[in-house]
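First the proteins, then the strands, lettered A, B, ... as listed; each starts at 1.
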2 protein chains.
Amino acid sequence: MGGKKTSITNHIKRIRLARTEFTQAGLAERVGATRQTIIAIEAQKYAPSLELAFRIAHVLGEPVEEVFQFDSSLWD
Amino acid sequence: MGGKKTSITNHIKRIRLARTEFTQAGLAERVGATRQTIIAIEAQKYAPSLELAFRIAHVLGEPVEEVFQFDSSLWD
DNA sequence: GGGTGATGTAAAGTATTTTTTACTTTTATA
DNA sequence: TATAAAAGTAAAAAATACTTTACATCACCC
């Protein structure tokens with residue numbers, strides 16, 4: 001239980017609101033996921049799979065590394 | 001088998017051999033995964049998590065999108 | 001031939017992500 | 001105030017990633 005937090009964060013919400021007019025449901029539909037998944041990821045509950053991360057970045061029109069940040073200082 | 005293949009491929013093996021002298025076990029150790037995981041991912045059996053993908057790219061000294069390719073034509 | 005390191009396969013079990021379903025809260029607006 | 005769309009919480013089940021363990025093959029070198 002020692003808090004194995006994911007060390008991945010994202011700016012989906014900010015980019016979604018700034019660059020698009022997608023709702024969470026609209027984004028979910030476009031990336032082929034459910035609304036719950038988008039909500040959980042935006043809330044940093046967990047990191048998406050690599051495939052979903054690529055889809056989200058693609059739909060938002062940003063590179064993966066703009067949307068998702070890896071905090072390499074929290075290594076292990 | 002409708003083949004819900006992952007639409008993610010990678011060049012880990014090529015980059016690992018070209019840019020480093022890491023063995024699969026050596027790479028595994030550096031990214032904090034097991035040798036089996038590296039073998040399976042190099043063999044395109046499945047895609048890594050986003051976090052592991054970031055670690056692998058980081059250790060290989062390449063951007064995520066150089067190491068991993070998303071085939072957006074296989075959408076859904 | 002025997003030993004070692006690197007790579008590979010397989011299967012069972014654990015961990016994490018995603019879906020499905022259902023209910024709550026907020027915000028805008030008529 | 002009522003209504004609807006958007007965002008949020010929760011929890012069980014399904015899907016996928018990862019580990020652990022064990023054994024097999026291949027190349028190299030003593």
Which whole-number value in Å describes the distance from [X] [atom1] to [N] [atom2]?
| X | N | atom1 | atom2 | value |
| --- | --- | --- | --- | --- |
| B:Ile12 | C:dT7 | CD1 | P | 13 Å |
| A:Ile38 | D:dT9 | CD1 | P | 15 Å |
| B:Ile39 | D:dC23 | CD1 | P | 17 Å |
| B:Ile41 | D:dA17 | CD1 | P | 9 Å |
| A:Leu17 | C:dT27 | CG | P | 14 Å |
| B:Glu42 | D:dC18 | CD | C1' | 16 Å |
| B:Gln44 | D:dT16 | CD | P | 17 Å |
| B:Leu50 | D:dT16 | CG | C1' | 15 Å |

Under 4.0 Å between any heavy atoms, over every strand shown, what does [X] touch: base, sugar-phosphate, or nothing? Just pick one.
| X | answer |
| --- | --- |
| A:Ala47 | sugar-phosphate |
| B:Thr37 | base |
| A:Thr34 | base |
| A:Ala43 | nothing |

Would you say [N] has OP1 or OP2 under 4.0 Å from some side-chain N or O of [X]?
| X | N | answer |
| --- | --- | --- |
| A:Thr23 | D:dA5 | no |
| A:Lys13 | D:dA6 | no |
| B:Lys45 | D:dT16 | no |

With nearest nucleotide decided by heavy atoms, which residue, B:Ala33 or A:Ala25, maps closer to the 5′ end of DNA chain D?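 Closest to the 5' end, via its nearest nucleotide, is A:Ala25.
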
Given the structure, check if the side chain of A:Gln36 and the base of D:dA7 hold any donor-acceptor pair shorter than 3.5 Å.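 Donor-acceptor pair under 3.5 Å: no.
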
Presence of donor-acceptor pair under 3.5 Å, side chain of B:Arg35 and base of C:dA6: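 Per atom types, no contact qualifies.
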
In terms of the nearest nucleotide of DNA chain C, which residue is placed more toward the 5' end: A:Tyr46 or B:Phe22?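 Per heavy-atom nearest nucleotide, the more 5' residue is B:Phe22.
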
Closer to the 5' end of DNA chain C via nearest nucleotide, is it B:Gln24 or A:Pro48?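 With B:Gln24 and A:Pro48 compared, the 5'-side residue is B:Gln24.
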
Which atom of B:Gly32 lies closest to which atom of B:Arg55, heavy atoms considered: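 Result for this residue pair: CA-NH1, 4.4 Å.
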
Of all the heavy-atom pairs spanning B:Thr37 and B:Tyr46, show the shortest one and how long it is.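 Minimum heavy-atom contact is CA-OH, 4.1 Å.
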
Find out whether the Lys NZ or Arg CZ of A:Arg30 is both under 6.0 angstrom from the six-membered ring centre of A:Phe22 and within 45° of the ring's axis.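 Because its charged atom sits under 6.0 Å from the ring centre and within 45° of the axis, A:Arg30 does stack over A:Phe22.
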
Please round to the nearest 0.5 Å and tell me the distance separating atom CG of B:Asp71 and atom CD of A:Glu51.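 Interatomic distance, B:Asp71 CG to A:Glu51 CD, rounded to 0.5 Å: 10.0 Å.
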
Could you check whether B:Arg16 pairs with B:Glu42 (Lys NZ or Arg NE/NH1/NH2 to Asp/Glu carboxylate O, under 4.0 Å)?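 Result for this pair is yes, salt bridge flagged.
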
